[in-house]
Amino acid sequence: MTELLPNHFNGTWQTGTGQGTVLTDPVLGTELVRVDATGLDLAAGFAFAREQGGQALRALTYVQRAGLLAAAQKVLQANRDAYYDIATANSGTVKNDSAVDIDGGIFTLGTYAKLGEGLGERFFLADGDSARLGKDPLFQSQHVLTPTRGVALFINAFNFPSWGLWEKAAPALLSGVPVIVKPATATAWLTQRMVKDVVDAGIFPAGALSIVCGSSAGLMDQLQPFDVVSFTGSADTAAVIRSHPAVTQRSVRVNIEADSVNSAVLLPGEAAGSEAFDLFVKEVAREMTVKSGQKCTAIRRVLVPEELYAAAAQAISARLAKTTVGNPRNEAVRMGALVSRAQLVAVKDGLEYLKTQAEVLHDGSAAALVDADANIACCVGPTLLGVRNAAGSDSADRIHDTEVFGPVATLVPYRTTGGSMDHAFALVRRGQGSLVASLYGSNPQALAHAAAELADSHGRVHIISPDVAALQTGHGNVMPQSLHGGPGRAGGGEELGGLRALNFYHRRTAIQASTTVLAQLQ
Ligand code: NAP
């Protein structure tokens, strides 16, 4: 039998008492390890984290906690090779794609370590300046942010077992709030291994970092009023989290990062073969294939002026045709596997669903696999769909509603009557709120105008103009300095954005007092 991974909970390493769920290699089909949370004393583990972990973290200043993050970053860096091996085996990703998750997570942790250094040897933060409450300036109101005295429960998605942990844990731990992470079962191994390395290094106080692998049953029931829960995953599970009594009755603060039908928009006036057109084509093909399209930020809708539909279809397809798919251990392979058989089925089903309203411009289903058995490997080539004309973009509702979580995108032509982008904006907005939209063009005024038009329905607008071609960080790359999250169907959450991320883990309070008292607030 394969190894049963222990959970770190209630200050100790403990294996579940059940048989466990087997994690598999999505390329070879082999069994890797098992995870199980049966028999854990959830009430005791949550109390231990909340009381022991929380108290010990809050006894440290922001600068001291930043030091712990930096130490954890070093431990993770020293063990990178092991993480790449786990990612190859359990996620089926090629090295570059594993890097997005592993190095992206380590980089984010390091960024918060640096940001924390600037917060000072303090135990809470001032929020803005004080404001006088009447004519006499002696009595004023000063807002402060103090770390919440609860735990942060993270329920994470399968596609980012490393980054998904550290992009949440870094701001939580820096804030002084203990973390309990429940990774998605399919890829829990990498999260478990990283937590193990950091816990075994003895960096954080007991109870600061816990991990429960396996079933989520009962976790939400443990949450109390000062706890917070941060969820990343599908809209369906998000609805379950939102309607849990912990949220509806006990006011547990919740952050939701759900699915998103993100767009890329080529602005009018950019001819086929122009610099902006080529940057657009390159980014769309890259986004479709990085991590086999299993990124919440991946481009799903590709908007082009109607007259450029054929040229864009041809150029993107030509790039996709060069994508070699198969076993990530083979150097010739550029795109590895989907994470599981279930995801492969979901992607195929999703494609069939979209195809009822779209034509196939590049067919990935026939792609020959390199070094992989098509009967076993969860691999599929990239597929570009398209709706032939602007009227089709209006009538095809499925392309605006459906996130196929794989290497799939749809070309969506828009009308540019009089050079207007109104039709493009209306089509983008049919995504009902997304994590990110990217804009491609060479006219700064038009790009800025489009960004302002789309900002309210997106967490991030990424603009690629020729002057930043070599500098831009990528449509789908989430940088810790920038906000991650989106309104509407994207979940309505907010993560990262530099120090803004700390707000979620702090309570804001107005202290009303004499200026002499306020001056004593440290
Ligand atoms: P999922 O099926 O919703 O699972 C997400 C997490 O919720 C997993 O840890 C899962 O555990 C857990 N879970 C399942 N049922 C639950 C319940 N009743 N109560 C509490 N937790 C429960 O999502 P996924 O398939 O892992 O992830 C893919 C989706 O995530 C995509 O739609 C993608 O767009 C989205 N995503 C969004 C972001 C973002 O930042 N916005 C980032 C990454 C992914 P088990 O694994 O044990 O079932």
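Indexing begins at 1, ligand by ligand and atom by atom, following the structure's order. Atom set for the values below is all heavy atoms of this structure, side chains included, hydrogens, waters and symmetry mates excluded. Note that the numbering runs from 1 along the sequence shown for the chain.
The side-chain contact (heavy atoms from CB on, under 4.5 Å) test applied to Val22 returns Thr24, Glu31, Arg34, not counting sequence neighbours. The ring pair (Phe, Tyr, Trp, His ring centres under 6.0 Å) test applied to Phe231 returns no partner, not counting sequence neighbours. The side-chain hydrogen bond (donor to acceptor under 3.5 Å, both in side chains) check on Glu359 picks up Tyr309, Arg388, with sequence neighbours excluded.
The cationic group of Arg507 does not satisfy the cation-pi geometry with Phe226, failing either the under 6.0 Å distance to the six-membered ring centre or the 45° limit from the ring axis.
A side-chain donor from one of Ser365 and Asp363 sits under 3.5 Å from a side-chain acceptor of the other. Counted by atom type alone, Gln19 and Asp36 present zero donor-acceptor pairs between their side chains at under 3.5 Å.
A heavy-atom cutoff of 4.0 Å around ligand 1 is satisfied by the protein residues Ile155, Asn156, Ala157, Phe158, Asn159, Lys182, Pro183, Ala184, Thr185, Gly214, Ser216, Phe231, Thr232, Gly233, Ser234, Thr237, Val240, Ile241, Glu257, Ala258, Asp259, Cys296, Glu403, Phe405, Leu435, His484.
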